[in-house]
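The block underneath contains the structure these notes are about, expressed in structure tokens.
Every chain is numbered from 1 and lettered A, B, ... according to where its sequence line falls, protein lines coming before strand lines. Predicted model, so just to flag it, every value in this text is computed and none were measured.
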2 protein chains.
Amino acid sequence: MTQQRRVILEELQKLDSHPTADEVYERARRRLPRISLGTVYRNLEILSECGLIQKLELGGTQKRFDGRVENHCHVRCIRCGCISDVPMAPLTTIENRLRGTSDYEIIGSRLEFIGVCPQCKKEH
Amino acid sequence: MTQQRRVILEELQKLDSHPTADEVYERARRRLPRISLGTVYRNLEILSECGLIQKLELGGTQKRFDGRVENHCHVRCIRCGCISDVPMAPLTTIENRLRGTSDYEIIGSRLEFIGVCPQCKKEH
DNA sequence: TTATATGCAAATGATTTGCGTAGTC
DNA sequence: GACTACGCAAATCATTTGCATATAA
């Protein structure tokens, strides 16, 4: 657990904005000016493998990272691309229904909602 | 509607494997050996804007394309990365429940299942 | 000390774009 | 004939990696 790794983890837990690797880098740089982007990527990978953070593969070109690891889903704003949490029970019912009909062994699911965030609704 | 665009559309409608841009390119090249990858990308974009095909932003690094445009979701194999269709009613109930509690204006949702495909189950 | 992580810069992979030519309506 | 699309190659963007040095256990 290096300084860099700790700072990255702390910044991620502090935020609820689901930042991209780049945004994490910018934040970490305020505390460790010499940190490199490569280090940020490497640590985001390691931390998500350890289950300390979550790597999100939602729509859009960049991956995003989440300091919250409990099972929850996300809404993405179609206008500005921002992401928020949605408190929602896991979809066990739907997964189980699929288990009955699919040839696949079902492990889990990923649910993302698409919408317009309050901010963008106002501006529109 | 150029030859290239028609071939791309036809190949996509012929397949149910949810190919990447690259795979579409390989297939199209069998019929039009001089077609370029740039053209494939441009046409996949245009066709999906017209609603003739669907651009899928699922997990993984590459986008995938689907000749079927009706609302349906997908299972991704965690081992080999292949993608299959899942016949499933749209999640209107869940979306409506969210409409009651979220500040967002909910437009739609994207649901992807993760599992192991029959092929990979056998090999394991 | 000894493995592991870092910073830097270069490499990779997917996708996009500029430009001059060719094809479609 | 005018507009749009094409082929090609170079550019871009996110992410990954090789390597020599620095840090943590």
Problem set entry | Lys/Arg-Asp/Glu bridge criterion (N-O < 4.0 Å) met for B/Glu10, B/Arg31 | yes
Exercise. Is the shortest side-chain N to carboxylate O distance from B/Glu45 to B/Lys55 below 4.0 Å?
Worked result: yes
Exercise. Hey, quick one: are B/Phe65 and B/Val7 part of the same hydrophobic cluster, counting side-chain heavy atoms closer than 4.5 Å, chains of contacts allowed?
Worked result: yes
Problem set entry | Heavy-atom neighbours of B/Lys122 NZ exceed 12 at 6.0 Å | no
Taking [atom1] from [X] and [atom2] from [N], how many angstroms apart are they, rounded to a whole number?
X	N	atom1	atom2	answer
A/Glu23	D/dA14	CD	P	11 Å
B/Leu32	C/dG23	CG	P	12 Å
A/Leu37	D/dT16	CG	P	10 Å

For [Y], does its backbone N or O pair with a side-chain atom of [X] as donor and acceptor, under 3.5 Å?
X	Y	value
A/Arg76	A/Gly59	yes
B/Glu23	B/Thr20	yes
A/Arg99	A/Glu105	no
B/Glu57	A/Gly60	yes

Exercise. Where each residue is assigned the nucleotide of DNA chain C containing its nearest heavy atom, which of A/Ser36 and B/Asp22 is assigned the position nearer the 5′ end?
Worked result: A/Ser36
For this session: For D/dC8, take OP1 and OP2 only and decide whether either is under 4.0 Å from a side-chain N or O of B/Arg34.
Result: yes
Problem set entry | Selection: residues 57-65 of chain A, any non-hydrogen atom under 4.0 Å of DNA chain D | A/Thr61, A/Gln62, A/Lys63
Exercise. Which residues, if any, of residues 1-12 of chain B bring a heavy atom under 4.0 Å of DNA chain D?
Worked result: B/Thr2, B/Gln4, B/Arg5
Exercise. Would you say the side chains of A/Ser109 and A/Glu95 form a donor-acceptor pair under 3.5 Å?
Worked result: yes
For this session: Quick one: list whatever passes side-chain hydrogen bond (donor to acceptor under 3.5 Å, both in side chains) with B/Gln3, sequence neighbours left out.
Result: none
Considering only distance and modelled atom types, tabulate donor-acceptor pairs under 3.5 Å from the side chains of residues 113-121 of chain A, sequence neighbours left out.
residue: A/Gln119; atom: NE2; partner: A/Glu123; partner atom: OE2; Å: 2.9
residue: A/Lys121; atom: NZ; partner: B/Asp103; partner atom: O; Å: 2.9

For this session: Would you please enumerate the stems DNA chain C participates in, each stem being three or more consecutive Watson-Crick or G-U wobble pairs with both distances under 3.5 Å?
Result: C:1-25 with D:1-25
For this session: Indicate the ring-plane relationship of B/His18 and B/His74, choosing parallel, tilted or perpendicular according to the 30° and 60° boundaries.
Result: perpendicular
Problem set entry | Stretch residues 39-47 of chain B: residues that reach within less than 4.0 Å of DNA chain C through a heavy atom | B/Tyr41, B/Arg42
Exercise. So which heavy atom on B/Val86 is nearest to which on B/Val75, and how close?
Worked result: CG2-CG2, 3.1 Å
